[in-house]
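Below: the structure, in structure tokens.
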Amino acid sequence: MGGFRFLTAGESHGPTLGVILEGIPAGLPLTAEALAVDLARRQRGYGRGARQAIEQDEAEILGGVRHGLTLGSPILLLVRNRDWENWTRVMQVAPLSEAEAEELAALATDGNKRATPVTRLRPGHADLAGALKYGFDDVRNVLERASARETAARVAAGGVARAFLRELGMECWSFTAEVGGVALDPARATRSRDEADASPLRCPDPEAEERMIARIDEARSNGDTVGGVFEVVVHGLPIGLGSYVQWDRRLDGALAAAIASINIVKGVEFGLGFEQTRRFGSAVHDVIEGRGADGHWIHRTNNAGGLTGGVTNGEPLVVRGAVKPISTLAKPLPSADLVTGEAVDKAHYERSDISVVPAAGVVGEAMVMLTLVQFVLEKFGGDSLVETKDNLDRYRVRIARPLSATGARGTDEAGSGGDD
Ligand SMILES: Cc1cc2nc3c(=O)[nH]c(=O)nc-3n(C[C@H](O)[C@H](O)[C@H](O)COP(=O)(O)O)c2cc1C
């Protein structure tokens, strides 16, 4: 079995989150400091809750790296939960002794919320389905893993992917495109990438950002929450990642799954996305203007978002994720009790964010980059970074040459079909 894969582990209030990445080539420079950058970006953003003040995420590199360089062996990362110290007994890994169980029960009787089993189901969360599926009578056993705290582990892994892709000349970032129905105006998106990154909502349009912030404030004062849209953009991808030859080798499918896997994402678009359905074809498809002087192919527009037929086409990759409003409301919705099955006035409330679009965008970057690593390695392979680079460089040179010079036999016959 070859290829690249990664897995995360850990609970929201457990001692640590963990990630194993397998398949990153040897010789990649990697430091904990580099991984801390995206972890900090995930924690920022106007509308985040109190937990972010407790956690200052750092990834410890505990395997797969020696003297600052990857070894080609699995990479093990830990992101410790600082909040764990407030949850040691509730989230204890070892079986509870009789005395410890009594201590917890006494705390619950005294009204300690952490120690009290969670049974009032939270609408919009995995609580009901998870408890029934795994046979729990305490929703804590579900929410601890279903919580988006897990995305810190993905972002740590995404930092490794970023380091690898950067070595290959591929660069990924994201921004907030919409919050609570307020969309940025591309014509007013005057902020540079760094300026946008430093702004409260990581939004390139300052005027729209002010109105987005007002929507978050409105939600906060009503005990409510808001969603939005993030956009991930990747520059520097060569033509030819992914394939049209089989459904599960299409890069668009893999990216859609990766983005939809983010807790809170309810839709994915590429390029012009759903807007394409409202236009005529002549106003959608990207005219191919030809090969530029440096050999790269030029499209007049990038409505396809850099992917055609499930394959990168040399334009920047543009993927958007639709973020639903946070499910946990300060003014909780009515719900039902897991154990009694009876309706209750208010769902359980666990300290919560109000809006997480910028943070979800950083998770989106991580998922896009991790997916790209898989497809880059599938196409270019390499047990060491040097080998991957060599393979990519040779391919880049080859596809920049006129077709007659590549030895490929081109056909230029007009097609006659109409099915496709
Ligand atoms: C960065 C990030 C932070 C989140 N913070 C919260 C939160 O504080 N409260 C909450 O109810 N949901 C939060 N969520 C979303 C829930 O984890 C998610 O809605 C829930 O697990 C149900 O999954 P689903 O929305 O994919 O159906 C967050 C999601 C992300 C990506």
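Computed from a predicted model, the values in this text were never measured in an experiment. In each ligand, atom 1 is the first atom listed, and ligand 1 is the first ligand listed.
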Original post:
Regarding S327 and R122, is there a side-chain donor-to-acceptor distance under 3.5 Å anywhere?
Top reply: no
Original post:
Do L372 and L317 have side-chain heavy atoms sitting under 4.5 Å apart?
Top reply: yes
Original post:
On the ring face of F380, is R396 found with NZ or CZ under 6.0 Å from the centre and within 45° of the axis?
Top reply: no
Original post:
Would you say the side chains of H296 and D294 form a donor-acceptor pair under 3.5 Å?
Top reply: yes
Original post:
Does the side chain of R162 reach to within under 4.5 Å of the side chain of E365, using non-hydrogen atoms?
Top reply: yes
Original post:
Are D127 and L338 side-chain neighbours, meaning at least one heavy-atom pair lies under 4.5 Å?
Top reply: no
Subject >> Heteroatom proximity flag, H125 to ligand 1, N/O under 3.5 Å >> reply: yes
**OP:** Run the numbers for me: atoms of ligand 1, each under 4.0 Å from some heavy atom of D353, listed by number.
**Re:** 3 (C), 4 (C), 5 (N), 6 (C), 7 (C), 8 (O)
Subject >> Atoms of ligand 1, numbered as shown, that sit under 4.0 Å from any heavy atom of T328 >> reply: 9 (N), 10 (C), 11 (O)
Original post:
Of all the non-hydrogen atoms in the protein, which one sits nearest to atom 9 (N) of ligand 1, and at what distance?
Top reply: S352 OG, 2.8 Å
Original post:
What protein heavy atom is closest to atom 27 (O) of ligand 1, reported as residue, atom name and distance in Å?
Top reply: K266 NZ, 3.0 Å
Subject >> Close-contact set for ligand 1 against S327 heavy atoms, below 4.0 Å >> reply: 11 (O), 19 (O)
Original post:
Does R149 have a non-hydrogen atom less than 4.0 Å from ligand 1?
Top reply: no
**OP:** Starting from atom 28 (C) of ligand 1, locate the nearest protein heavy atom and write down its residue, its atom name and how far away it is, to 0.1 Å.
**Re:** A148 CB, 3.4 Å
Original post:
At a non-hydrogen distance cut-off of under 4.0 Å, which region of R48 contacts ligand 1 (side chain, backbone, both, or neither)?
Top reply: side chain
**OP:** Give yes if a backbone or side-chain nitrogen or oxygen of A146 is under 3.5 Å from a nitrogen or oxygen of ligand 1, and no if not.
**Re:** yes
Subject >> SB check R320 E178 (cutoff 4.0 Å) >> reply: no
Subject >> ligand 1 to K324 polar contact by distance, N or O atoms, under 3.5 Å >> reply: yes
Original post:
Is there a nitrogen or oxygen of I264 sitting under 3.5 Å from a nitrogen or oxygen of ligand 1?
Top reply: yes
Original post:
Using a distance-only test with no angle check, is there a side-chain donor-acceptor pair under 3.5 angstrom linking S355 and R215?
Top reply: no
**OP:** Find all atoms of ligand 1 within a distance of less than 4.0 Å from any non-hydrogen atom belonging to N263, and give their numbers and elements.
**Re:** 17 (O), 18 (C), 21 (O), 26 (O), 29 (C), 30 (C), 31 (C)
Original post:
What atoms in ligand 1 come closer than 4.0 Å to a heavy atom of G124?
Top reply: 22 (C)
**OP:** Pull out every atom of ligand 1 sitting under 4.0 Å from any heavy atom of I326, numbered as shown with elements.
**Re:** 5 (N), 6 (C), 7 (C), 9 (N), 10 (C), 11 (O), 12 (N), 13 (C), 14 (N)
**OP:** Determine whether K389 and L168 make a side-chain contact, defined as any pair of heavy atoms from C-beta on separated by less than 4.5 Å.
**Re:** yes
**OP:** State, without any angle test, whether D138 and N141 hold a side-chain donor-acceptor pair at a distance under 3.5 Å.
**Re:** no
